[in-house]
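As structure tokens, the structure follows; a few thoughts come after it.
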Amino acid sequence: MNNDKALTLEEMLKNYSPEPLEYDPEVDGGDEYLIREELLKKKEELKDVVSKLKEKQRESRKVRR
């Protein structure tokens with residue numbers, strides 16, 4: 001920073017006014033967990049589909065690991 005003198009705590013807080021903050025779901029993203037749950041559910045469904053397709057493609061061949 002370009003300040004030559006350090007500010008004191010009183011100078012830094014002279015314009016501070018403590019006000020309680022209100023929670024607003026639209027601003028704070030209160031429904032993001034719902035989107036995440038939907039994505040996780042869709043992921044599980046797609047994982048099942050892929051597993052079934054792999055089993056069908058594999059048919060009677062054995063898988064060695």
| field | Euclidean distance, Lys14 NZ relative to Thr8 OG1, rounded to 0.5 Å | value | 9.0 Å

| said: Taking salt bridge (charged side-chain N to carboxylate O under 4.0 Å, His left out) as the cut-off, I'd like each qualifying pair that reaches into residues 39-49, sequence neighbours left out, listed once. | reply: Glu44-Lys47

| said: Looking at Gln57, I'd like to know if its CD atom is crowded, meaning that more than 12 non-hydrogen atoms belonging to other residues, nucleotides or ligands lie closer than 6.0 Å. | reply: no

| Shared ILVMFWY cluster between Leu46 and Leu53, side chains joined below 4.5 angstrom? | no

